[in-house]
Amino acid sequence: MSLPPLVEPAAELTHDEVNRYSRHLIIPDVGMAGQKRLKNAKVLCVGAGGLGSPALMYLAAAGVGTLGLIDFDVVDESNLQRQVIHRQSSLGKPKVESAAETVREINPLIDVVVHNTMLDRDNIMDIFGQYDLILDGTDNFATRYMVNDAAVLLGKPYVWGSIYRFDGQASVFWAEHGPCYRCLYPEPPPPGMVPSCAEGGVLGVLCASIGSIQTTEAIKLLTGIGEPLVGRLMIYDALEMTYRQVKVRKDPECPLCGKNPTQTELLEDYEAFCGAVSEEAADAVKDSTITATELKAMQDRGDDIFLVDVREPNEYEIVSIPGATLIPKGDILDGSALERLPQDKKIVLHCKSGVRSAEALAVVKNAGFSDAVHVGGGVLAWVKQIDPSLPSY
């Protein structure tokens, strides 16, 4: 369905703006009126990473008058494979500063607003209130639900995208005209069920495919042209090079945007709502978590331990902790690998950051290895605290 333009047009375009945006101006559907709307628009991009990179650059090039960016991370080398808004010279810089430099270089005629902070319950309503449209480039469920909830409560359209390995999804959630994110995903997936890009990887160029869809949808909403993805989910398979659509209907029982909403404000704790780890894992790691330094001390003393790396084989090939035996988490969770664990040694589990090893620890303890422990921070902590010469990923 077509929707009216989200913003009113600016009073005029300058001579420089007419020259810059001439290829837009000669499109009848956009024209002078549409470009003036873009100039008057205020768009916030949540995240200056994989999806935020193409979105920010093309929104800037398109002439969105005020472009906000919010992120609290810094640029590291593993970002450069897909986060094309950053450069080698940006390593160590806050992502918002690096992204703002690129955006201003692309288009010095727009205003760039930098929010170098973590988006949270205390600041999200105030920050979102400054913008007409929210474009989400986040990669975790807790933030996605919080972004959706704030957008619904403020009546803002929310352009959403998601990527993983070779697959991507995109949609527009706008409770005033269709479903919200909770209508599509009423509950977050069980902890550990859906790996993050940091765990499972992502084809770098997939970010461009989904980020450009998000940018296209934002421009359509701002100018009132075409039919936006409200009520439709676009699914992209890069390996098969196929796009397909799934209709998403507004849930009349949605607690946030349904006929009789029961959620009228933000949740107190989105991390708890999404459950970074299961209750079983949270219980298992109590008093059973060691640091990378403690693991190194155990190895130096010659303690009789059996160190298990629960990551995937391709991750193990990138970097591994000396002495670790690879047993992927899935083989532990389904019980097939439990017989490989020695009864006469202390079991020590680790993964990349500590989430997957916590889930594995719960299973191992239930199998009778009551003194088993896991390494908090996993490989990342080992590289940082013990051997910085090893590659990180």
Side-chain angles (χ1 to χ4, degrees), residues 1-4 6 43-44 46-47 51 119-121 124-125 127-129 131-164 167-196 210 213-214 216-218 220-222 224 226-237 243-276 278-279:
M1 60 177 174
S2 59
L3 295 173
L6 185 60
V43 174
L44 176 69
V46 183
L51 293 175
L119 195 65
D120 58 30
R121 189 182 189 278
I124 188 170
M125 300 296 278
I127 293 174
F128 277 22
Y131 297 92
D132 302 306
L133 179 146
I134 311 301
L135 190 146
D136 183 23
T138 60
D139 62 355
N140 66 87
F141 288 101
T143 306
R144 287 173 186 165
Y145 278 98
M146 182 173 62
V147 168
N148 173 78
D149 294 359
V152 171
L153 294 172
L154 290 169
K156 308 280 185 180
Y158 159 39
V159 182
W160 170 80
S162 176
I163 51 175
Y164 178 68
D167 301 316
Q169 300 179 3
S171 189
V172 172
F173 300 110
W174 195 358
E176 184 178 338
H177 299 283
C180 77
Y181 182 75
R182 286 181 181 272
C183 296
L184 177 62
Y185 297 115
E187 298 288 341
M193 182 66 69
V194 180
S196 67
I210 300 303
I213 291 175
Q214 290 180 276
T216 303
E217 292 303 302
K220 286 159 59 181
L221 289 166
L222 295 169
E227 296 190 10
L229 282 174
V230 175
R232 294 182 292 149
L233 174 67
M234 181 67 74
I235 302 172
Y236 172 55
D237 183 333
Y243 289 88
R244 63 189 180 93
Q245 293 185 43
V246 175
K247 288 186 177 181
V248 182
R249 301 188 184 280
K250 191 177 185 72
D251 181 3
E253 303 303 320
C254 177
L256 189 69
C257 73
K259 294 180 179 178
N260 299 295
T262 56
Q263 182 185 336
T264 57
E265 59 184 16
L266 298 174
L267 300 181
E268 287 292 334
D269 190 338
Y270 282 89
E271 291 288 346
F273 171 69
C274 292
S278 66
E279 291 184 13

Margin query: For I134 and L154: C-alpha separation, side-chain torsions, deciding distance, then whether side chain to side chain contact (heavy atoms under 4.5 Å, CB included) applies.
Written below: CA-CA 11 Å; I134 311 301; L154 290 169; over 6 Å; no
Taking the six-membered ring for Trp, are W160 and Y181 parallel (under 30°), tilted (30 to 60°) or perpendicular (over 60°)? tilted
Review point. Taking side chain as C-beta onward, heavy atoms only, is W174 less than 4.5 Å from L6?
Key: yes
Smallest heavy-atom separation, C180 atom then V152 atom, equals CB-CG2, 3.7 Å
Minimal heavy-atom distance between R144 and D139, with the atoms involved, is NH2-CA, 3.9 Å
The side chain to side chain donor-acceptor pair (under 3.5 Å) partners of Q245 (sequence neighbours excluded) come to R232
Of all heavy-atom pairs linking P179 and V230, the shortest is CD-CG1, 4.5 Å
Check for a donor-acceptor pair, side chain of Q214 on one end and backbone N or O of D136 on the other, with a separation under 3.5 Å. yes
Using a 3.5 Å distance criterion without hydrogens, assess whether the side chain of E217 forms a donor-acceptor pair with backbone atoms of V172. no
D149 meets the side chain to side chain donor-acceptor pair (under 3.5 Å) criterion, sequence neighbours left out, with R182, Q263, Y270
Correct closest heavy-atom pair for L184 and P186 would be O-CD, 3.5 Å
K156 meets the salt bridge (charged side-chain N to carboxylate O under 4.0 Å, His left out) criterion, sequence neighbours left out, with none
Smallest heavy-atom separation, Y243 atom then I213 atom, equals CE2-CD1, 3.9 Å
Closest heavy-atom pair, L221 versus P157, reported as atoms and distance to 0.1 Å, is CD1-CB, 4.3 Å
Between Y158 (side chain only) and S171 (backbone N and O only), is there a donor and an acceptor less than 3.5 Å apart? no
- Task: May I ask you to test the T138-L119 pair for a side-chain heavy-atom distance under 4.5 Å?
- Result: no
Value for CG (L256) from CG (N148), rounded to nearest 0.5 Å, stands at 6.0 Å
d(R121 CZ, D269 CG) to nearest 0.5 Å is 10.0 Å
For this session: Give a yes or no answer on whether the side chain of K250 reaches the backbone of C183 with a donor-acceptor pair at less than 3.5 Å.
Result: no
To the nearest 0.5 Å, atom CD1 of I163 lies from atom CG of L51 at 4.5 Å
task = Assess whether side chain to side chain contact (heavy atoms under 4.5 Å, CB included) is satisfied between E187 and F273, documenting all intermediate values.
result = CA-CA 9 Å; E187 298 288 341; F273 171 69; 3.9 Å; yes
